[in-house]
Amino acid sequence: MLTCYAYKLRPNTTQSVIMASWINMLRSHYNWCLNDRIAQYNQQFIQGDYCDIRTHAEACPLTCFVSKNGATGEPWKDTESAKNPRRSAGDIQITALPQLKAARPRYASIDSTVLQQNVKRLDVAYKNFFEGRGFPKFKNRSNFTSFTYAMGVKSSGSKIYLPKLGWMRFHNSRPVPDGFVIKAATIRQRQDGWYVSLVRFVQFKPSKGGQLALVE
């Protein structure tokens, strides 16, 4: 089960500006990844082996990149011993993140796990689609207002540490329990400010007395 604690943040001016810029860049990155998957799907299932469906010009590696994996990039893992060496679209796009940082240096200011979670966010959208809940949509300013850390977040009293942002104060409306290990943290922008949701994965197992015991 998941245990979640939500707090209102008290960032300084610099931190607020940085977080707002991150959301803009992450939204652009999300939309690019979605467009990439759509384009490669069309290349595979609509255009087939043609570079141009109108002229039926054959695809050539010298003039036209043809991907059969739903994302632009190397489809195979390096190791030969892997049982399933073929990469998923999400794996391809996560592997390409260093190239993104090299081509767009401003993305290097964003924490690596935040960028990885941005791709996984698209994976979840596709999973929902395959379960019948609508095709993923391109995001705009009104429906893309958050980003998620997968590691590196820690709290002390009424302060929280966010990688690449530093220590930040928050309204400690509910004390974080001792021994609370943060597994993920989602930063969300709302009309009245910034909020953080701290998540811990909690597992219980039966004890000798028949009661449930917490497993960290």
Side-chain angles (χ1 to χ4, degrees), residues 11-44 47 51-52 59-82 84-127 136-141 143-154 161-168 183-189 194 196:
N12 58 39
T13 302
T14 301
Q15 291 169 331
S16 295
V17 171
I18 293 175
M19 289 190 293
S21 67
W22 281 17
I23 285 183
N24 287 332
M25 287 189 289
L26 290 168
R27 183 179 67 252
S28 297
H29 177 239
Y30 179 97
N31 288 339
W32 186 93
C33 289
L34 175 56
N35 182 71
D36 179 48
R37 297 193 192 190
I38 293 173
Q40 297 308 322
Y41 179 88
N42 290 339
Q43 178 71 68
Q44 177 179 357
Q47 293 187 203
C51 270
D52 191 332
C60 172
L62 297 178
T63 60
C64 178
F65 176 80
V66 178
S67 172
K68 301 297 183 183
N69 300 278
T72 304
E74 174 56 51
W76 303 103
K77 294 182 180 179
D78 294 333
T79 176
E80 296 180 357
S81 61
N84 185 22
R86 197 175 187 86
R87 299 179 190 270
S88 66
D91 290 338
I92 292 174
Q93 291 178 334
I94 288 177
T95 304
L97 289 176
Q99 300 175 18
L100 170 65
K101 294 179 181 179
R104 300 289 187 271
R106 63 181 181 276
Y107 278 91
S109 66
I110 303 177
D111 180 72
S112 296
T113 67
V114 171
L115 285 169
Q116 293 168 10
Q117 291 300 311
N118 203 42
V119 177
K120 293 181 180 179
R121 180 175 183 171
L122 182 56
D123 287 339
V124 172
Y126 266 94
K127 179 177 181 294
K137 297 181 179 179
F138 292 98
K139 301 295 185 179
N140 54 40
R141 292 179 183 272
N143 57 22
F144 193 99
T145 59
S146 66
F147 57 87
T148 300
Y149 287 95
M151 62 176 64
V153 178
K154 54 187 177 181
Y161 177 79
L162 302 174
K164 294 292 186 77
L165 291 171
W167 286 97
M168 187 182 303
K183 298 297 184 181
T186 297
I187 312 300
R188 190 176 305 278
Q189 185 180 27
W194 294 90
V196 59

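In this text, all values refer to a predicted model and were calculated from it rather than measured experimentally.
Within the model, atoms CD of Q117 and CD1 of I94 stand 8.0 Å from one another, a figure rounded to the nearest 0.5 Å. Between the CD1 atom in I23 and the CZ atom in R141 there is a gap of 10.5 Å [rounded to 0.5 Å]. Separating the CE atom in M25 from the CD1 atom in I110 is a distance of 3.5 Å, to the nearest 0.5 Å. To the nearest 0.5 angstrom, K154 atom NZ is 5.5 Å from W167 atom CH2.
Taking each heavy atom of C33 and Q93 in turn, the nearest pair found is O-NE2, 3.1 Å. The two residues R37 and G90 have their closest heavy-atom pair at NH2-CA, 3.4 Å. L115 and L26 get closest at one heavy-atom pair: CD2-CD2, 3.8 Å. Heavy atoms only, all atoms of each residue included: L122 and P136 are closest at CD1-CB, 4.3 Å. Of all heavy-atom pairs between A71 and D36, the closest is CA-OD2, 3.4 Å. The nearest pair of heavy atoms linking Y30 to A125 is OH-CB, 3.7 Å.
K139 places no side-chain N or O within donor-acceptor distance of the main-chain N or O of T145, the cut-off being under 3.5 Å. Using a distance-only test at 3.5 Å, with no hydrogens or angles considered, a donor-acceptor pair links the side chain of N140 to the main chain of N143.
Partners of N35 under the side-chain contact (heavy atoms from CB on, under 4.5 Å) rule, at least two apart in sequence or in another chain, are F138.
The shortest side-chain heavy-atom distance between M168 and W194 does not fall under the 4.5 Å cut-off. Between I92 and T72, every side-chain heavy-atom pair lies at or beyond the 4.5 Å cut-off. Taking 4.5 Å as the limit, every side-chain heavy atom of V124 sits out of range of all side-chain heavy atoms of K120.
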*Where do V119 and H29 land on the side-chain contact (heavy atoms from CB on, under 4.5 Å) test, with the steps shown first?*
CA-CA 8 Å; V119 177; H29 177 239; 3.6 Å; yes
*Take L165 and W22 through the test side-chain contact (heavy atoms from CB on, under 4.5 Å) and record every step on the way to the result.*
CA-CA 11 Å; L165 291 171; W22 281 17; 4.0 Å; yes
*asked:* Pair N118, F147 - check side-chain contact (heavy atoms from CB on, under 4.5 Å), show working.
replied: CA-CA 7 Å; N118 203 42; F147 57 87; over 6 Å; no
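Other residues, nucleotides and ligands contribute only 12 or fewer heavy atoms inside 6.0 Å of the NZ atom of K127.
Among residues at least two apart or in separate chains, side-chain hydrogen bond (donor to acceptor under 3.5 Å, both in side chains) pairs with a member in residues 97-108 are K101-S112.
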